[in-house]
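Labels below follow one simple rule: chain letters A, B, ... track the order of the sequence lines, proteins then strands, and each chain is numbered from 1. It should be emphasised that the depicted structure is a prediction, and the values quoted were computed from it without experimental measurement.
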2 protein chains.
Amino acid sequence: MGVDRGELDRRLERFRETARKAGVRLTHQRLEIFREVASSIEHPAVEAVFRAVQARISTVSLDTVYRTLWMLEDLGLITTLGPRRGVARFDANLRPHHHFVCIRCGLARDFENPAFDSLGVPGAVKQYGDVVNTRVEIRGVCRACSRGATGRTRPSVNRKPGQVRRTKLADQK
Amino acid sequence: MGVDRGELDRRLERFRETARKAGVRLTHQRLEIFREVASSIEHPAVEAVFRAVQARISTVSLDTVYRTLWMLEDLGLITTLGPRRGVARFDANLRPHHHFVCIRCGLARDFENPAFDSLGVPGAVKQYGDVVNTRVEIRGVCRACSRGATGRTRPSVNRKPGQVRRTKLADQK
DNA sequence: CTGACTGCAAACCCTTTGCAGACCG
DNA sequence: CGGTCTGCAAAGGGTTTGCAGTCAG
């Protein structure tokens with residue numbers, strides 16, 4: 001949740017249209033999976049999408065969620081943030097925007113800022129390849145993490161007695 | 001490779017000093033692991049560091065590489081880019097800098113640009129948490145990927161006959 | 001109807017952990 | 001010497017794939 005109704009409807013309409021043009025079938029599962037990502041501001045990972053969709057379609061399988069999310073990305077309907085392997089997180093916001101990312105728990109939030117949308121590309125960078133887009137990533141510690149002893153999110157190496165034990169990464173709220 | 005000698009020496013010296021202050025032992029393995037990351041501009045993932053170190057210490061184990069890299073991060077000697085779970089990639093460049101990232105193969109390159117170092121933090125973002133730093137991420141397709149049929153780097157869903165099959169992510173060159 | 005799609009189960013990888021022996025300081 | 005650190009092996013988790021049955025168009 002978090003995306004207003006009008007925007008969500010626009011995203012759904014775009015999905016239907018794109019799917020039709022691409023000759024991709026509009027199944028119940030796909031619709032619900034897309035709806036979940038498109039209505040969220042959480043940049044959910046696969047697991048979170050799966051649980052949410054499962055609440056509505058109890059028989060949906062995890063691999064369908066994987067396949068569908070990558071298909072949506074192929075169609076250009078969502079983008080990923082973060083890695084290309086490992087835990088990917090999805091973003092249905094196609095407008096130019098930027099991210100706040102918590103370096104402890106991984107929480108991610110969009111924000112828009114016109115001034116950041118038009119940063120030039122330094123000449124030295126052009127040699128690396130063809131630029132697709134530019135995003136500003138503001139890294140910090142989110143409120144929940146700075147408040148709580150919410151624990152760490154990555155392995156503590158050579159953990160000493162007093163240290164907090166690793167807990168399964170809470171569901172990116 | 002890629003970091004000039006003077007800078008590498010400075011990084012190694014800093015490592016020794018920080019380790020001593022923290023009461024962490026300076027083992028052969030740790031030195032070589034740090035040297036590998038500190039001398040590279042590749043933002044290597046664990047696997048790449050492991051292979052490089054293994055060439056010099058044939059008995060080194062993969063888990064030691066994992067433990068050491070996270071320890072180095074705990075000490076503030078390197079940072080990670082990308083995810084907090086999954087495939088992390090490491091960065092021994094502690095100066096303010098920004099990244100060019102290939103959206104196809106994941107290649108990452110640093111670049112410096114003073115104008116990007118001092119972007120303000122929009123008021124709306126401050127509510128999300130305490131900002132640690134800000135980086136500009138320029139996303140694009142690197143030369144190797146735009147040149148070659150270097151294949152895709154993530155699963156192709158509903159792959160059609162003609163499509164390229166997924167290949168193991170080549171070693172970030 | 002028919003090919004695209006789904007669910008299942010197994011395979012794959014990458015990462016982490018427990019433990020006994022090795023080694024730094 | 002003692003506690004830290006390493007290597008080994010196994011466990012743990014997330015992701016991907018092959019296949020047979022199902023369903024959208």
Side-chain angles (χ1 to χ4, degrees), chain A residues 16 19-33 44-51 53-54 57-73 80 82-90 106 152-161 163 165-169 171, chain B residues 16 19-33 45-51 53-54 57-72 74 80 82-90 152-161 163 165-169 171:
Chain A
R16 277 186 251 267
R20 189 169 43 70
K21 280 184 191 159
V24 164
R25 293 188 177 167
L26 265 177
T27 63
H28 188 32
Q29 290 89 333
R30 289 179 174 177
L31 200 59
E32 290 306 322
I33 290 167
V46 174
E47 188 64 27
V49 174
F50 174 58
R51 275 200 301 272
V53 172
Q54 200 178 35
I57 308 178
S58 61
T59 60
V60 75
S61 72
L62 184 57
D63 37 296
T64 293
V65 176
Y66 275 102
R67 284 184 286 217
T68 300
L69 289 171
W70 290 119
M71 181 211 64
L72 291 170
E73 202 233 4
T80 59
R84 275 133 289 277
R85 283 196 298 181
V87 178
R89 301 182 60 190
F90 298 86
R152 43 200 320 156
T153 55
R154 55 170 188 70
S156 175
V157 179
N158 303 323
R159 190 167 44 245
K160 296 180 193 69
Q163 289 182 303
R165 215 171 182 308
R166 183 189 194 206
T167 49
K168 181 163 172 148
L169 193 54
D171 208 35
Chain B
R16 278 185 250 269
R20 188 170 43 71
K21 278 185 191 159
V24 164
R25 293 189 178 167
L26 264 178
T27 63
H28 188 32
Q29 291 89 334
R30 288 178 175 178
L31 200 58
E32 291 304 321
I33 290 166
V46 174
E47 187 64 28
V49 174
F50 174 59
R51 274 199 303 271
V53 172
Q54 199 177 35
I57 308 178
S58 61
T59 60
V60 75
S61 73
L62 184 57
D63 38 296
T64 294
V65 176
Y66 275 102
R67 283 184 286 217
T68 301
L69 288 171
W70 289 120
M71 180 210 65
L72 291 170
D74 271 341
T80 58
R84 277 131 289 277
R85 284 196 296 181
V87 178
R89 301 183 61 192
F90 298 87
R152 41 202 320 158
T153 55
R154 56 172 188 67
S156 175
V157 180
N158 302 325
R159 190 166 45 245
K160 296 179 194 71
Q163 288 182 305
R165 217 174 179 306
R166 182 189 194 207
T167 50
K168 181 163 172 148
L169 193 54
D171 207 34

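In this structure, NZ of A/Lys21 is placed 17 Å from P of D/dG25, rounded to the nearest angstrom. Separating the CZ atom of B/Phe50 from the P atom of D/dG7 is a distance of 9 Å, rounded to the nearest angstrom. Taking atom CZ of residue B/Arg67 and atom C1' of nucleotide C/dT16, one finds them 9 Å apart after rounding to whole Å. Rounded to an integer number of Å, the gap from CG of A/Leu31 to P of C/dT6 is 12 Å. With rounding to whole Å, A/Arg16 atom CZ is found 16 Å from D/dG25 atom C1'. To the nearest angstrom, P of D/dT6 lies 17 Å from CH2 of B/Trp70. Between the CD1 atom of A/Ile33 and the C1' atom of C/dC5 there is a distance of 11 Å, given to the nearest Å. The separation between B/Ile57 atom CD1 and D/dT6 atom P is 10 Å, rounded to whole Å.
A sub-4.0 Å separation between OP1 or OP2 of D/dC5 and a side-chain N or O of B/Arg30 is present. When the side-chain nitrogen and oxygen atoms of A/Ser61 are compared with OP1 and OP2 of C/dT6, none of them lie within a distance under 4.0 Å. Of the side-chain N and O atoms in A/Gln29, none sit less than 4.0 angstrom from OP1 or OP2 of D/dC23.
With contacts defined as side-chain heavy-atom distances shorter than 4.5 Å, the pair B/Glu47/B/Val65 does not qualify. A/Val46 has its side chain within reach of A/Phe90: a pair of non-hydrogen atoms, C-beta onward, lies under 4.5 Å apart.
The structure places CD1 of A/Ile57 at 9.5 Å from OG1 of A/Thr64, a figure rounded to the nearest 0.5 Å. Rounded to the nearest 0.5 Å, atoms CZ (B/Arg25) and CG (B/Leu31) are 16.0 Å apart. With rounding to the nearest 0.5 angstrom, the OG1 atom of A/Thr80 is 10.5 Å from the CG atom of A/Leu69.
Among the nucleotides C/dT16, D/dC8, C/dG7, the one closest to the side chain of B/Asp63 is D/dC8. Of the listed nucleotides (C/dC5, D/dG7, D/dT16), C/dC5 has the atom at the smallest distance from the side chain of A/Thr27.
The base of C/dG25 is not paired with the side chain of B/Arg20 by any donor and acceptor separated by under 3.5 Å.
Comparing B/Arg25 and A/Val24 along DNA chain C, the residue whose closest nucleotide (by nearest heavy atom) sits nearer the 5' end is A/Val24. Each of B/Leu62 and B/His28 lies near DNA chain C, and the nucleotide nearest B/Leu62 is the one positioned closer to the 5' end.
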